[in-house]
Undergrad: 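Sharing a structure below in C-alpha cells format, with a few things to ask.
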2 protein chains.
Amino acid sequence: MNKPLARTRIQRKNIALISEAALNIFSAQGFRGATVDQIAREASLSKPNLLYYFPSKEAIHTHLLSTLMDTWLDPLRELQATGDPLDEILTYVRRKLEMSRDHPRESRLFANEIVQGAPHILGLLGTDLKTLVDEKAAIIAGWMAEGRLAPADPHHLIFSIWSLTQHYADFDVQVRAVLGPDRPDPFPQAEAYLTTLFTRMLSVAPQGPA
Amino acid sequence: MNKPLARTRIQRKNIALISEAALNIFSAQGFRGATVDQIAREASLSKPNLLYYFPSKEAIHTHLLSTLMDTWLDPLRELQATGDPLDEILTYVRRKLEMSRDHPRESRLFANEIVQGAPHILGLLGTDLKTLVDEKAAIIAGWMAEGRLAPADPHHLIFSIWSLTQHYADFDVQVRAVLGPDRPDPFPQAEAYLTTLFTRMLSVAPQGPA
DNA sequence: ATTCCTTTTGACCTTTTGGTCAAAGCCACG
DNA sequence: CGTGGCTTTGACCAAAAGGTCAAAAGGAAT
C-alpha cells in the first residue's frame, strides 16, 4: 500500500522512471548487488528524491516483482482447453520465447530472485503460481487422457517449457559466447529447435497423424 | 596463482574449510550478496584469518569458480563418439541431473554468475567452454548425418540439456513450491520425464526402430 | 499574486563492509 | 627447550551504502 495509485502526473512519470531504472539495475546486479545510488543515477533523480517515491530499496524491488509477476504469467493463462492441444502448447512455447527475447530483464529479475531462494515472493509461488499451474496441468492431463497428446507428466512439461525458454534470456551471455560472436541472434534457431522438440515430444502419431 | 599448492596440512584444511563455507554463502546469496564476515563465520574462522588465506573476497570467488568449472564440465567430456548415440545423450542427461541433485550449490553458483553477465568468467565461456561444446556438437552432428539420431541443432540440443537439468537445482524452490509440500523429491519424476523427452526427440524411428 | 501542497535537494547520520596491521600465540625442528 | 616461521586475532580504518531531515523550489487553483 505504498503508492498504489499515482495521483499526479509527476508521480506517474517518476514512478515509471524509477521502475525502469530499477529493472535495469536489479536485473543486472541482483537485489543486494544493486545500490540505491545506482538506481537514482539511472533514473536521473537524486537519491532523496527517489526515496520520496518509494520508502526503501526493498519497496522498489517488491513493487517491481509484484507488478511483473502478472505479465509474466499471462502466456500461461492464455492456454485454453478449447484449442488444439499441440497448437496451444506450441503457442505457449513461442510466447514464452518471445518474452525471453523482448523482456530479458524481467526474466533475469525473476531468475535472480528464485535462484537465491525467492526470499521476497516465496508466498506467491506456493499459492497463486501453484494454483495457476495446477489448473493448466489439469487441462494438459485431460488432453493426454483423451489421447490427443502423447503422455507425459504435465507439471514437468510446464517446467521444461519454462526452463528452455527462459534459458535464452537468463543465460544469454553463455549462449552467445558458446555460439560465437558471429551469430548475433540465437532466437530464430531456438524457436525452430523448441518447436521440433515439443512436437516430437507430444505428437500422438509422431510421423504425422492419420 | 594465489595459493596454488597448499604446503602445510593446516593450509590444506583451512582452504578446504573456506571453500566449503564460501560455496554455501556465494551460492545462496550471490557474489555481492555474500559478505566476508558471513563466510568467515560459516568457516568458524576469524575474518583476518580468512583473509590470510585468500587476499580478497573476489579471490575466494574466483578460486571457487575455476575449481568447479572443471568438475562441472566432466559429464560433457565423457560424451564419446564411439558409444551408442542415444545412450550417450541419455547418459549425459542423467549425469547432469545427478549433478543438479547432488551439487545444487555449485549449480547455483554458476547460475548466479551467468545471470549477472558472467563478469568473472566471461573469458572462459568463449574459449574453453566454446571449444568443448563445439567438439561435442560435432560428434552429435556426425551421428545425425549418419542417420543414427533424428536431426536437430546440436548446440541447441546441448543448451536444452543444460537448461532442463540445471533448472531442478537453480529453480528448486519454485519446483517444490509448485509441486506442493507433499512431494519432497522431484528428481525421480524429472529423470523419467527427461528420458522420455530426449528419447522422443532423438529417436530416428520414433515408435521403436526396426 | 498568494497560498498551500507537492517535489527536490544538500548535508548529514549510522551501519555495514572489505580490508589492514601489529602483536600475540602456536608449532615443528634442531 | 629455544628459536624461527607459520597462524591467529583484536583493534582499527576508509569507503560504501541505506536512509533521514529541514529547508528550498515548483506548481496550480483561487
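Reckoned from all heavy atoms, side chains included, excluding hydrogens, waters and symmetry mates. Letters A, B, ... mirror the listed sequences (proteins, then strands); counts begin at 1. Every value quoted in this text rests on a predicted model; they were computed, and no experiment measured them.
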Undergrad: Output the rounded distance in Å from CZ (Arg41(B)) to P (dT17(C)).
TA: 9 Å
Undergrad: Under 3.5 Å, side-chain donor or acceptor atoms of residues 132-141 of chain A against the rest of the protein: list the pairs with distances, not counting sequence neighbours.
TA:
| unit_1 | atom_1 | unit_2 | atom_2 | d |
| --- | --- | --- | --- | --- |
| Asp134(A) | OD1 | His155(A) | NE2 | 2.8 |
| Asp134(A) | OD2 | Lys130(A) | NZ | 2.8 |
| Lys136(A) | NZ | Arg77(A) | O | 3.1 |
| Lys136(A) | NZ | Leu79(A) | O | 2.7 |

Undergrad: Could you work out, with side-chain contact (heavy atoms from CB on, under 4.5 Å) as the rule, every residue matching Glu98(A), not counting sequence neighbours?
TA: Arg95(A), Arg101(A), Asp102(A)
Undergrad: Sort me out a list of protein N/O and nucleotides 7-14 of chain C N/O pairs below 3.5 Å, or just none if empty.
TA:
| unit_1 | atom_1 | unit_2 | atom_2 | d |
| --- | --- | --- | --- | --- |
| dT7(C) | OP1 | Thr8(A) | OG1 | 2.6 |
| dT7(C) | OP2 | Gln11(A) | NE2 | 2.6 |
| dT7(C) | OP2 | Tyr52(A) | OH | 3.0 |
| dT8(C) | OP2 | Asn14(A) | ND2 | 3.1 |
| dT8(C) | OP2 | Asn49(A) | OD1 | 3.0 |
| dT8(C) | OP2 | Asn49(A) | ND2 | 3.2 |
| dT8(C) | OP2 | Tyr53(A) | OH | 2.7 |
| dT8(C) | O5' | Asn49(A) | ND2 | 3.1 |
| dT9(C) | OP2 | Ser46(A) | OG | 3.3 |

Undergrad: Thr62(A) side chain to Ala59(A) main-chain N or O, any donor-acceptor pair under 3.5 Å?
TA: no
Undergrad: So, is Arg32(B) close to the dA17(D) phosphate, meaning a side-chain N or O under 4.0 Å from OP1 or OP2?
TA: yes
Undergrad: Rounded off to whole Å, could you give me the CG-to-P distance for the Asp37(B) and dC12(D) pair?
TA: 17 Å
Undergrad: Write down the distance between CD1 (Ile39(B)) and P (dG19(C)), rounded to a whole number of angstrom.
TA: 10 Å
Undergrad: Students often get this wrong, so: under 4.0 angstrom with heavy atoms, is Ala34(A) touching a base, only sugar-phosphate, or nothing?
TA: sugar-phosphate
Undergrad: Donor-acceptor pairs under 3.5 angstrom involving side-chain atoms of residues 36-49 of chain A: please list them, not counting sequence neighbours.
TA:
| unit_1 | atom_1 | unit_2 | atom_2 | d |
| --- | --- | --- | --- | --- |
| Gln38(A) | OE1 | Thr35(A) | N | 3.1 |
| Glu42(A) | OE2 | Asn24(A) | ND2 | 3.0 |
| Ser46(A) | OG | Asn49(A) | N | 3.3 |

Undergrad: What residues from residues 18-29 of chain B pass a heavy-atom cutoff of under 4.0 Å to DNA chain C?
TA: none
Undergrad: Round to a whole Å and report the spacing from NZ of Lys57(A) to P of dT16(C).
TA: 14 Å
Undergrad: Consider only side-chain N and O atoms of Asn14(B) and Tyr53(B), and report whether a donor and an acceptor are under 3.5 Å apart.
TA: yes
Undergrad: Could you tell me whether a side-chain N or O of Asp84(A) sits under 3.5 Å from a main-chain N or O of Asp87(A), the two making a donor and an acceptor?
TA: yes
Undergrad: Residues two or more places apart in sequence or in another chain: which of them pass salt bridge (charged side-chain N to carboxylate O under 4.0 Å, His left out) with Glu106(A)?
TA: none
Undergrad: Do Arg32(B) side-chain atoms and Gly30(A) backbone N/O form a donor-acceptor pair below 3.5 Å?
TA: no
